[in-house]
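See structure below.
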Amino acid sequence: MPESVLAATEIHKAYGDQIAVNRVSLSIGKGEILGLLGPNGAGKTTLARVLVGLLDPDFGKMSYFGREASPRQKNVKRQISIVPQEPSFYMTFTVEQNLLFFASIYGLGRSEAREKADYLIKWLKLTGFRHKRAELLSGGYKRLLNIACSLVNDPKLVFLDEPTVGLDPKMRQLLWDKIIELKNQGRTILLTTHYMDEAEKLCDRVALMSDGRISVIESPYRLIEKFGGETILIFKLDKSVDQELIEKVQQAMPGITPRSVQSNLVLPVKQADSTKAIVKISKLVEESGYKILGSIVKEPELEDVFLNITGSAMGV
Amino acid sequence: MKAMLSVIKKEMRLIRSQRMSMALIIIYPLIVISALGLAYGGDIQAVRINVALYIPEEATLGPFDSAKIFSIIEDTNKVNLQRAYSEEQAKDFVRVGASDFALIIKEEKTQTGQIITDLVLDNSNFIVSEMFSPIAKAAIQLTSFEVSSRIIQELWDELLPIKDDLQQELQKIDLYLVDLDDAELKLDSLDLSLQNIDIADLRGTLDSQGETVQAISTVLMQLNSNYDSFKSDIAGTRTSLDNADAKLDSYHAKVSEQIRVAREYRDSLVSYENNLQEIADRPETPPSVRADILVLKEQVTSTRQRMDSSIAELEQIKADIEESKEMIADMRQDIDKIDSLLDSEKQNLDRMNSALGQSTGEISQINSELGSIGETVDEIDGLIDSSKITKQDVSSKMRTSKAMMNSFMSTIGELGQLNPAFLAKPIQAFERNLYEEITALTFITPMALALVLLLTCLLFVTVSVITEKSEGSHLRMRLSSTGPTTLIFGKIVGQMAFAFLVAFLILFIGVIGFGTAMQYNLPEIIAVVALASFSFIAIGLFITNFAKTQATAILSSLIVILPMIFLSGTVLPLQLMSPLLQTVSNFLPLTIANKILLGVLIKGVPISYYLKETAILLVPSIAMIAYTIKRF
Ligand SMILES: Nc1ncnc2c1ncn2[C@@H]1O[C@H](COP(=O)(O)OP(=O)(O)O)[C@@H](O)[C@H]1O
Ligand SMILES: [Mg+2]
């Protein structure tokens, strides 16, 4: 396990009666992208705000960069940042003005700030909008500016709160690329999302969060392996499946319960056995006088993990 | 039409669903009505007016010195007096608002002796000065009346005892006049007497006849004395005879009376005797009784017999008395004879006397005349002395009367010096404006500045903060490594830059458009604009702690702004409000801003004069800012 950039223990935060974050503990290693995956209202934003110092937890301890500290301490503030879910900047300022101002309140000198702004504008492909008022940017570019504003202090630890919600696929891809770049720059990232694919694609580890609790933190692959359940094999045949074939399959692979859906043969198998099973079943089917028109291997996803663990589907 | 109805319904539901709007529907009427009500609710009559009064040490008013003038004005009890010790101090009291106007009594006077008073009104706010002008004039008039009545009273008090004294003196003078008349008469008569006397003649006669008269008169005096002694002896004898005769007469009368009474007794005894005899003689009278009666009759008879003898004795006495009377009558005849002899002797003497009469008369006349001359001379001396004394007395008293007259005249003179014009109006007031170059509209410039600063600073800062909060830049600032104190003060200073811009615009318009005569003291202007805007910004910042949206922020700002506008003297002069409300008003930031801006920009009062006001502005402002920083 790499050196811990953030470690939180027993973080608890309630709004009145409603517990938004319930005794959550987590730790992020250096250079890691940790995904906080959960449906709307799970408490992701609340947790992120607590960890970044915008909210005080009811109780719980935090340490940053190996030292127990409050996120309000100046030395911590200088090294962390959050990209809020909502665009957060001066709508009536230009892109550049926003960046220069936010850089200045982190103590950057004039030229330093300008340098930083130039870099971020270029990096986030905002060059054409440098002197445009922020309110005039499209949703995607607002997101980019939002990220740019959060990077003026060159943070080592970045919180990204649902960075791609409502973006078109192209913009989404751009953002993902940038997030990966951030990681490659050596930054540690905590990313909240309710998109499985996003978590699966970007995150080194994923924390599943629902109703204020984190149930498990693992790498996406381990999660699927552990909690994703069986791989589903589907063979498309040239004629409808008869009982004889089903029995043959059952005899050949004990413990497996094949089903037939019209001319499709459906077989749930263990993830690890899937390749072996494909070879074995193809042979058996062809021997029984069927022709395989096509086959689908449906691997388990985080969705399934989530369903299996929380007992409820991840409504978007 | 249906659509219209549903839009109307929607609108009402919309407002009702916004709790803030509903609250404001109640709060605005309440605040506006009560603020206006309070502002206009003062009792103008009850307003005590503060007057700064300067009287030069040397000032006099009629008979009064400066202290007295002060006490007279104080006694009118119409105003709160603040005594100033120089003209400038009095004006300063007005400048800083400690006094509503100043009365400055000048050393010079009018020709009629009226004191000249400058009534200095604070024309920097012409509404207020217009309001105080009649009040001030009335106060002066009142004082004026008071002064003249006091002067007249004082003079009258002086004149009254003098008048009484003079009356007494007049009476005395009358008496002196009588005395003098008297003395003059006496002297006149004296003069006459003196003219009638021929003393030399009288002396001659006296010398020649003196000796003869002396001799004769000696003899006559001898004779006269003899005759007189005889005469007196005779008179004595006659008197004793008369006395004896009178005594005998009374004895005679008494005896005669006794005899008459005794005889009556005897007669009644006799009839009683006869009655007893008759009863005894009657046959029916029993013998025993008869004997008793006879005894009784004998007793009566014996009594009657003793009575008879007494009467006889009385008759004898009576006869003796009559005999004595005859003897006296004889003696009187003898005496009468002697008397007549003496009378004839006396006639001889009288003849001799009359012979001497003339010379005696002359002598006595001379004597008496000589005597009267002596008396007259004495009298003259006396009169001369007394008239001398009288004259001295009179002239000394005349001198005191004259002195009194003189003092009376001088008091009257004093009265005379008091010109009627002076008495009618001892104080001549000239209305002066504290600021000569100020026009009626000048005061609107600082007032407008205060108002605009309030609106812009307060609303700008709330809008700015709420914008940052809703747009999320506030969040970024919280996360930044810059502390809230720096962020807030940076904001305040940034907002103040706009305040200065606004101030510049308003002052520019005021000077160019309205001809406002301004004090161009740049550091002071900067200080006062900074102070006012700072406190308004602080209020705005404070409001942002409780408002979540722009709308609520602006609406709640108005809740603060509206009452301040009504109660700060902007709409209605403070002086018209009740004293309590004035006190409250004096703590309102807008009131203080009005006051200080007017003072510094127009009146040229240095801001250092307004230490108290500055503190009232700054202390809560800093508290509100501190709270905002803490809640950042
Ligand atoms: N300021 C707030 N006051 C009261 N409840 C809140 C507040 N913010 C969030 N919540 C509630 O806390 C829970 C967690 O919210 P949030 O952290 O925003 O969830 P997520 O970001 O996972 O969608 C939700 O049920 C939400 O309704
Ligand atoms: Mg969220």
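Just so it is clear, the values below take in all heavy atoms, side chains as well, and ignore hydrogens, waters and symmetry mates.
Shown here for B:Arg476 and A:Ile82, the closest heavy-atom pair between the two residues is NH1-O, 3.9 Å. When every heavy atom of B:Ser473 is checked against every heavy atom of A:Phe102, the shortest pair comes out as CB-CZ, 3.7 Å. When all heavy atoms of B:Leu475 and A:Pro84 are compared, the closest pair comes out as CD2-CG, 3.8 Å.
More than 12 heavy atoms of other shown residues, nucleotides or ligands fall within 6.0 angstrom of atom CD in A:Gln185. The environment of NZ in B:Lys10 is crowded: more than 12 heavy-atom neighbours from other residues, nucleotides or ligands sit within 6.0 Å. The local environment of CZ in B:Phe500 is crowded, with over 12 non-hydrogen atoms from other residues, nucleotides or ligands closer than 6.0 Å. For A:Phe59, the CZ atom counts as densely surrounded, since its 6.0 Å shell holds more than 12 non-hydrogen atoms of other residues, nucleotides or ligands. In the displayed structure, A:Phe65 atom CZ is contacted under 6.0 Å by more than 12 heavy atoms of other residues, nucleotides or ligands. When the shell of 6.0 Å around CZ of A:Arg49 is examined, it contains 12 or fewer heavy atoms from other residues, nucleotides or ligands. Heavy-atom contacts from other residues, nucleotides or ligands closer than 6.0 Å to NZ of A:Lys132 number 12 or fewer. The number of heavy-atom neighbours closer than 6.0 Å to NZ of A:Lys77, taken from other residues, nucleotides and ligands shown, is above 12.
The candidate from B:Ser481, B:Ser470, B:Gly472 with the greatest count of non-hydrogen atom pairs under 4.5 Å with chain A is B:Ser481.
Annotation: side chain of A:Val52 is not in contact with side chain of B:Arg478 (no heavy-atom distance under 4.5 Å). Using a 4.5 Å cut-off on side-chain heavy atoms (C-beta onward), A:Ser88 and B:His474 make no contact.
The parts of A:Tyr106 that come within reach of chain B are both its backbone and its side chain, each placing non-hydrogen atoms under 4.5 angstrom from that chain. Contacts of A:Asn98 with chain B are absent, with no heavy-atom separation under 4.5 Å from either backbone or side chain. With a threshold of 4.5 angstrom between heavy atoms, A:Ser81 does not approach chain B through any atom at all. Contact of A:Pro87 with chain B is made through the backbone alone, with heavy-atom distances under 4.5 Å.
Atom CZ of A:Arg72 and atom CG of B:Leu479 lie 9.0 Å apart (nearest 0.5 Å).
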